[in-house]
Structure formats: structure tokens, C-alpha cells
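Following: one structure in C-alpha cells, then a few remarks.
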Amino acid sequence: MSRRGGGPPHVPSGGVPAPAPGPAKAPARAVGAAAAGARRRTWTPDEAYDLGGCLRVLRRGPYDPAFRVLDGAVWRVSRTPGGPVTLRIAPDGAGKIAADAWGPGADWSLDRLPDLLGAGDDPDAFVPHHRLTQEAQRRNRGLRLARTGLVLESLIPSILEQKVTTDEAYRAWRLLLCRHGDPAPGPMGGLHVPPDARTWCMIPSWEWHRAGVDGKRSAAVVRAARRAGRMEEAASMELEPATERLRAIPGIGPWTAAETLQRSNGAPDAITVGDLHLPGIIGFALTGERGADDDRMLELLAPYEGQRHRATRLIMTTGRTPPRRAPRFTPGDIARL
């Protein structure tokens, strides 16, 4: 779900060094995680489980420097209260999910591994009210909502995604992490840890400009980073007070708050409003009508109150979208100005 247009990956321009145009090949030692000094924990799902479906929403574009999929394993980099961490998460072949962790944040991340993998989620709370959602639920029995427990790492890219195309937002995230983040711990080269709150606040205006981020979005990022402690507290709140906490920051509206809390809190009712495409997709998928707005989407999803985000996730898996009638939006590039 997004409030921007789609399209092929945007090629960086301007004076900022760009990363390689695709994921780097893993060094040979990356596969032998246990031999590389990693700490390990396993978790056993109690029924069908879809690892990719659970963690895919945490990836910010195909070249996200903090997320990579290689040989069936998910590599994810975070900045935790304990410090940076790199996680390699993959099925172990015996019905378990194994996670190997490197870096000072390893203990924090492994302690919370089940939450990240959706162990605290309750998919059975969802009751389908349309044939489409009933079929989507049947086909996606293993889908769980991830809960990272980290607000800022989802809030900042969500701010970058405000009112621009996915290509522009993903490019900005990639360039800012590669330039201002730290190399990730562990054996996988090319990954970067997102900057800490102080570093986000110290990024000069011309670096934001070169990354294609306008002053309104960069100012919102800095305001959020200056209140990082208050933002992180939202990870342990219920949805309504957590939303209020995030929206207390100027520049963070309902769209950004919902996109953040879907990931940090695994909130099943954090419905995205203010999106460019989502209302039309939901309206078309459930009724065949075109041009639905937020009010119409909320009306259609009213039977799913308490599970409206899960309902949209399931609907999106069906691929039932209205046919395109207009040319794809052409992204701008403020870095050229």
C-alpha cells in the first residue's frame, strides 16, 4: 500500500554515489552462518507459516540496503536499543525458523524474534465477510503480521514516501542509508544500518536535496528523530494512543502513522487512509466499482473493524485491481534543480 505511483526502479542522479544497480552477491562465508560467529535462535510455528509474506512488508524497494533476500533466506539490518544487528532468517528444513544474528543488538533481536515473525499475531480473529476475502484467507493461511518493536526505522521511510512515487522514495532511502548509515555487522557485504537519531538530525540540507527529499519531508524526519524516545514508546501502546503519539509530530498524518504502526506494532486494524491507490483497489476488488474514495473504502471495510489492515493485506494478495486508464505518473527529481 502506498500513496504514490509505481514504475521501474529510478536511476539515481546528482552528486551522491549510488550503490550497485542490484543486490551484491553474498560472500561464500555468508551461507555458513554458524561458522561466522553468529548467535542463533530457532522458533517453531504452530501451523502453516509464510516467512516471505510476513517479512516482505519491511523491505523498502528491491535495492533496500537494510534488507535482502538470498537463497531463500531473509537478511535484515536494524538499529536496536542494544545497537546495530544483522539477522539472517530462514527455514531450517525441520519445520522451524532459524535466525542467526551478528552485532551488539543480537540479544535484543533474538529475544524478540517470535514477535518479529508474527508469533503474537492472531489470524484466526479475522472473519471473512466477502467471498473474495474468504478465498484470500484460505490461500494465505501462513500469513502473519510482523511486529518489529522499532518505530523510527519504519517511521522515517514512511515519511520519505509521502506524496511521491515509490521509485523516488526508495531511491532516497537507499542513498541516505548508504551515505549516512554504518556498514552492517556480519558476513553479508553491501548492507547498511539505518542512521541513529542524532545522525538523522545532522544530515545537511544539500544531502537531503541530492537524495530528492524536499524540505517538508526532511523537516518531519528531523522533528521525529529529535523525539526518538517518545516515538519508540509507541511500540508498546495500543493503536489509538500510538497513533496520537506519532501524529503529535507536525508532518506526520494518518497515512504515515498507519504505515508505521502496521510494521512496528503489527497492528491488524491500522488501516491506511489518504492513499492514492488503495481505496480504488478495495472498492474494485469487493464490488467491481471504480473510483472509490476513503469514505467508501472505510464503509466497505466496516465489517472488518479491528482487522481492517489484515483485510487489505489479504485483498491485495488476490491481485484484483482496476485496469489502468491513465499514463503512469512521471516522477520528478528535485536533485536536478
Side-chain angles (χ1 to χ4, degrees), residues 9 19-20 22-45 47-80 84-103 105-121 123 140-150 153-154 157 170 173-174 177-178 181 183-194 259 262-266 313 316-317:
K25 294 296 287 183
R29 65 182 184 278
V31 177
R39 303 199 61 178
R40 169 168 285 207
R41 178 177 180 178
T42 61
W43 172 71
T44 305
E47 54 184 339
Y49 182 73
D50 180 1
L51 177 64
C54 177
L55 298 182
R56 187 179 300 121
V57 296
L58 305 180
R59 187 178 196 174
R60 304 292 181 160
Y63 309 129
D64 184 349
F67 195 107
R68 185 170 299 166
V69 178
L70 186 68
D71 298 331
V74 173
W75 293 78
R76 183 171 183 271
V77 180
S78 293
R79 186 177 294 278
T80 76
V85 65
T86 298
L87 284 174
R88 178 187 182 273
I89 308 172
D92 72 349
K96 298 181 180 180
I97 305 296
D100 299 288
W102 296 262
D107 287 344
W108 189 95
S109 295
L110 293 179
D111 285 346
R112 292 158 180 80
L113 179 69
D115 282 343
L116 175 65
L117 299 179
D121 185 32
N140 295 275
R141 287 291 182 186
L143 180 64
R144 300 290 184 274
L145 301 182
R147 180 173 187 155
T148 68
L150 298 168
E153 73 168 25
S154 292
Y170 292 160
W173 177 248
R174 182 173 69 248
L177 260 63
C178 289
M188 176 64 80
L191 295 178
H192 287 76
V193 185
E259 290 287 310
Q262 289 165 7
R263 297 165 172 83
S264 64
N265 294 30
R313 284 282 301 275
M316 295 295 287
T317 68

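Expressed to the nearest 0.5 Å, how far CG of Leu143 lies from CG of Asp121 amounts to 8.0 Å. Atom-to-atom distance recorded for Arg174:CZ and Tyr63:OH is 8.0 Å, nearest 0.5 angstrom. Between the CG atom of Leu116 and the CD1 atom of Ile89 there is a distance of 5.0 Å, given to the nearest 0.5 Å. The structure places CG of Leu58 at 7.5 Å from CD of Glu153, a figure rounded to the nearest 0.5 Å. Considering CG of Asp100 and OG1 of Thr42, their distance stands at 10.0 Å, rounded to 0.5 Å. One finds the CG atom of Asn265 at 10.5 Å from the CG atom of Leu150 (value rounded to the nearest 0.5 Å).
Taking each heavy atom of Val193 and Pro183 in turn, the nearest pair found is CG2-O, 4.0 Å. Heavy-atom minimum distance, Arg68 versus Gly189: NH1-O, 3.0 Å. Minimum heavy-atom separation, Trp102 to Gly186: CG-CA, 3.5 Å. Of all heavy-atom pairs between Trp75 and Pro187, the closest is CH2-CG, 4.0 Å. Here the closest heavy-atom approach between residue Arg147 and residue Ser264 is recorded as CG-O, 3.3 Å. Leu177 approaches Ala66 most closely through the heavy-atom pair CD2-CB, 4.0 Å.
Thr148 is listed as a side-chain neighbour of Arg76, based on a closest heavy-atom distance under 4.5 Å. Residues Pro45 and Ile97 form a side-chain contact, since some pair of their non-hydrogen atoms from C-beta on lies under 4.5 Å apart. Contact check for Pro123 versus Arg144: side-chain heavy atoms found under the 4.5 Å cut-off. Inter-residue side-chain proximity for Met188 and Arg88 is flagged as unmet; no heavy-atom pair is nearer than 4.5 Å. Looking at Pro91 and Leu51, their side chains come closer than 4.5 Å, going by heavy atoms from C-beta outward. When side chains are defined from C-beta on, Arg39 does not count as touching Ser109, because their heavy atoms never get closer than 4.5 Å.
Considering only residues two or more places apart in sequence or on other chains, Asp111 meets the side-chain hydrogen bond (donor to acceptor under 3.5 Å, both in side chains) condition with none of them. Remark: Asp64 engages no residue in a salt bridge (charged side-chain N to carboxylate O under 4.0 Å, His left out) (not counting sequence neighbours). In terms of the ring-ring contact (aromatic ring centres under 6.0 Å, His included) criterion, residue partners of Tyr49 (sequence neighbours excluded) are, by chain and number, Trp43.
With hydrogens and angles disregarded, a donor-acceptor distance shorter than 3.5 Å links the side chain of Thr86 to the backbone of Pro185. In terms of modelled atom types and a separation under 3.5 Å, the side chain of Arg59 and the main chain of Leu55 share no donor-acceptor contact. For the pair Arg79 (side chain) and Pro194 (backbone), a donor-acceptor distance under 3.5 Å is present. Panel note: side chain Arg313, backbone Met316; no donor-acceptor pair is recorded below 3.5 Å.
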